[in-house]
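Right, one structure below, let's go through it.
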2 protein chains.
Amino acid sequence: MGRRSDHSRAELERLIIAEGHAHMAENGFARFSAREVAKRIGYSIGTLYNVFDNYDRLILAINTYSFQLWTDHLNARLDGVEGDRIRALVEGYFSFARENTHIWMAIYDHHLPPDVEMPEEFALQRGELTGIVVREVAVVLPDHAKDRATTLARSLIATVHGHCTFALNGTFALMGETEPMETALARVRESIAAAQRDSRIRTD
Amino acid sequence: MGRRSDHSRAELERLIIAEGHAHMAENGFARFSAREVAKRIGYSIGTLYNVFDNYDRLILAINTYSFQLWTDHLNARLDGVEGDRIRALVEGYFSFARENTHIWMAIYDHHLPPDVEMPEEFALQRGELTGIVVREVAVVLPDHAKDRATTLARSLIATVHGHCTFALNGTFALMGETEPMETALARVRESIAAAQRDSRIRTD
DNA sequence: CCCGATAAATGATCAGTGTTCAATTAAAAT
DNA sequence: ATTTTAATTGAACACTGATCATTTATCGGG
């Protein structure tokens with residue numbers, strides 16, 4: 001058939017991402033299939049490849065959408081929390097991963113081949129999550145240490161990420177660790193406290 | 001052909017792992033192929049599937065071998081270091097990952113399906129790496145806190161792992177972080193210092 | 001109203017994958 | 001020499017990502 005008025009290019013793109021996302025949630029990265037996504041949306045593989053011209057760009061779009069949901073999840077968790085916003089952040093990181101295991105893992109299971117590049121718009125969307133953390137870390141740092149917020153935030157994300165990874169991939173279970181989230185939070189607290197102390201020394 | 005005297009079962013197994021490991025190092029998890037490994041060792045796919053009766057068990061064997069090399073790498077790095085053994089540990093973690101990117105990533109790219117279980121021997125081999133870290137962490141903790149070494153070590157491995165992951169998968173580059181290893185070491189130092197302080201308080 | 005022009009959608013086709021298993025082959029036992 | 005045993009094979013199957021000539025529908029102009 002030719003042009004079908006029931007779906008514009010943009011709509012089709014969103015449809016593919018939505019259905020691809022659902023398929024990823026159900027099957028995970030290893031069993032994901034572009035053909036299956038095509039079936040789900042009721043189009044042929046050809047059409048899917050017209051919109052996303054290769055597998056990696058499709059996965060990239062789906063994973064970027066996951067980042068969007070993750071960002072929303074974090075913001076929702078933070079909204080209205082007056083006291084311990086750092087805890088809310090760590091809990092939000094973990095709970096999204098726990099409630100969307102396949103989705104979360106797919107983000108890190110996929111590695112861009114060197115010949116495919118990340119669209120800038122995607123990189124920006126992914127960066128928003130970092131932005132949230134940077135802002136919250138900045139709040140708990142003393143004035144004279146605010147400039148360290150970005151560096152520290154990136155590192156704390158990595159710390160929490162490592163704990164979250166081991167929690168979901170079974171490494172912690174194998175090691176005997178039973179409360180990964182609380183452990184991650186403890187590490188984050190220690191590093192923030194150290195940063196607070198550091199700057200106090202320099203200010204006194 | 002029937003039984004060929006040139007390779008015993010055990011030898012064949014080692015040959016497959018060795019050649020599979022080399023193939024993994026060259027191509028990475030996504031482009032790894034059992035067929036290609038069969039070609040490399042000069043046997044048919046059938047033979048390969050007689051030794052490792054599915055793909056996951058083959059990858060499991062290759063990745064466990066990687067853990068063995070990683071453990072050796074860490075021990076070599078630690079050997080003779082009198083002063084800063086914690087730094088040696090973190091540097092060893094990173095340098096192995098950096099020098100064996102595909103190999104290291106494959107360990108975490110592969111997820112065991114629920115119906116395939118990890119052989120106990122493999123789990124033990126993988127646990128040795130943790131053992132090294134636990135011992136070294138115990139050394140720097142005061143006597144009254146030695147019992148916390150295991151818990152803390154697991155958490156510190158996760159911390160370093162998170163930083164290493166972001167260093168290799170491009171997340172840190174995207175964020176602007178340029179010295180992931182030193183950053184990871186800083187976090188580790190803070191947490192060890194906190195553990196040392198904690199126990200001092202309880203002992204005073 | 002019809003007819004090109006344009007754009008969207010198709011699916012057979014290709015090269016590759018993991019996996020299976022009846023058939024083959026070689027060695028060992030009798 | 002013959003049977004038994006075990007290792008090895010590779011064609012076959014159902015799938016995958018990717019391609020692209022072909023078909024199909026819509027639209028603009030005569």
Side-chain angles (χ1 to χ4, degrees), chain A residues 1-17 19-21 23-24 26-63 102 106 109-117, chain B residues 1-17 19-20 23-24 26-63 102 106 109-116:
Chain A
M1 312 150 209
R3 182 192 298 175
R4 302 203 316 203
S5 54
D6 47 344
H7 289 121
S8 74
R9 253 295 134 112
E11 281 171 342
L12 195 51
E13 198 173 313
R14 260 171 296 189
L15 185 60
I16 294 171
I17 292 174
E19 222 56 48
H21 198 265
H23 178 63
M24 183 69 87
E26 290 167 20
N27 299 95
F29 184 77
R31 287 200 229 160
F32 184 89
S33 145
R35 271 187 157 86
E36 215 61 46
V37 175
K39 274 185 199 165
R40 286 180 81 120
I41 62 168
Y43 280 82
S44 70
I45 337 108
T47 299
L48 203 148
Y49 271 83
N50 287 342
V51 180
F52 295 96
D53 45 65
N54 59 58
Y55 193 74
D56 290 291
R57 291 191 109 81
L58 170 60
I59 303 286
L60 220 47
I62 292 171
N63 283 348
H102 281 151
D109 284 342
H110 181 238
H111 309 301
L112 257 197
D115 56 310
V116 181
E117 35 149 335
Chain B
M1 314 147 209
R3 182 191 298 176
R4 299 201 322 200
S5 54
D6 48 343
H7 288 121
S8 74
R9 255 291 133 114
E11 279 171 345
L12 195 51
E13 199 174 310
R14 261 172 295 190
L15 185 61
I16 294 171
I17 292 175
E19 221 57 47
H23 178 63
M24 184 68 87
E26 289 167 21
N27 300 95
F29 184 76
R31 288 202 230 158
F32 184 89
S33 147
R35 271 187 159 84
E36 216 60 48
V37 175
K39 273 184 199 166
R40 286 179 81 120
I41 61 168
Y43 280 82
S44 70
I45 336 107
T47 298
L48 203 149
Y49 268 81
N50 288 338
V51 180
F52 295 96
D53 46 63
N54 59 58
Y55 192 75
D56 291 290
R57 292 192 109 81
L58 170 61
I59 303 285
L60 220 47
I62 291 170
N63 283 349
H102 280 152
D109 284 342
H110 180 238
H111 309 300
L112 256 197
D115 55 310
V116 181

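Chain identifiers are assigned alphabetically (A, B, ...) following the order of the sequence lines, protein sequences preceding nucleic acid strands; residue numbering begins at 1 within each chain.
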Exercise for review: Starting from P on C/dT20, measure out to CG on B/L48 and report it in whole angstrom.
Suggested key: 13 Å

Check your understanding: Between atom CG in B/N50 and atom P in C/dT20, what is the gap in whole Å?
Key -> 11 Å

Check your understanding: For A/S44 and C/dA9, is the shortest distance between a side-chain N/O and OP1 or OP2 below 4.0 Å?
Key -> no

Review item, nucleotides 17-19 of chain C N/O atoms under 3.5 Å of protein N/O:
| from | atom 1 | to | atom 2 | distance (Å) |
| --- | --- | --- | --- | --- |
| C/dT17 | OP1 | B/S33 | OG | 3.1 |
| C/dG18 | OP1 | B/A34 | N | 3.1 |
| C/dG18 | OP2 | B/A34 | N | 3.3 |
| C/dG18 | N7 | B/R35 | NH1 | 2.3 |
| C/dG18 | O6 | B/R35 | NH1 | 3.4 |
| C/dG18 | O6 | B/R35 | NH2 | 3.2 |
| C/dT19 | OP2 | B/Y49 | OH | 2.3 |
| C/dT19 | OP2 | B/Y55 | N | 2.6 |
| C/dT19 | O4 | B/R35 | NH2 | 3.2 |

Exercise for review: Could you state the atom-to-atom distance from CZ of B/F52 to C1' of C/dT20 in whole Å?
Suggested key: 19 Å

Check your understanding: A/Y43 OH to D/dT24 C1': how many Å, rounded?
Key -> 13 Å

Review point. Quick one: side-chain hydrogen bond (donor to acceptor under 3.5 Å, both in side chains) partners of A/H102, sequence neighbours excluded?
Key: none

Practice item. Give the rounded distance in Å between these two atoms: CD of B/E13 and P of D/dA7. Key: 13 Å

Check your understanding: How long is the line joining CD1 of B/I41 and P of D/dT9, in whole Å?
Key -> 9 Å

**Study point:** Heavy-atom pair with the smallest gap, counting every atom of B/I17 and B/I62
**Key:** O-CG1, 4.2 Å

Exercise for review: Classify the angle between the aromatic ring planes of A/H23 and A/F32 as parallel (below 30°), tilted (30 to 60°) or perpendicular (above 60°).
Suggested key: tilted

Practice item. To the nearest 0.5 angstrom, please state how far the CG atom of A/D56 sits from the NE2 atom of A/H110. Key: 4.0 Å

Exercise for review: Taking all non-hydrogen atoms of both residues into account, name the closest pair between A/F52 and A/A61 and its distance.
Suggested key: CE2-CB, 3.5 Å

Exercise for review: Mind running side chain to side chain contact (heavy atoms under 4.5 Å, CB included) on B/N50 and B/R9 for me, showing each step along the way?
Suggested key: CA-CA 10 Å; B/N50 288 338; B/R9 255 291 133 114; 3.7 Å; yes

Review point. Rounded to whole angstroms, how far apart are NE2 on A/H7 and C1' on C/dA7?
Key: 17 Å

Practice item. Mind checking A/L12 for me? I need base, sugar-phosphate or nothing, with any heavy atom below 4.0 Å counting as a touch. Key: sugar-phosphate

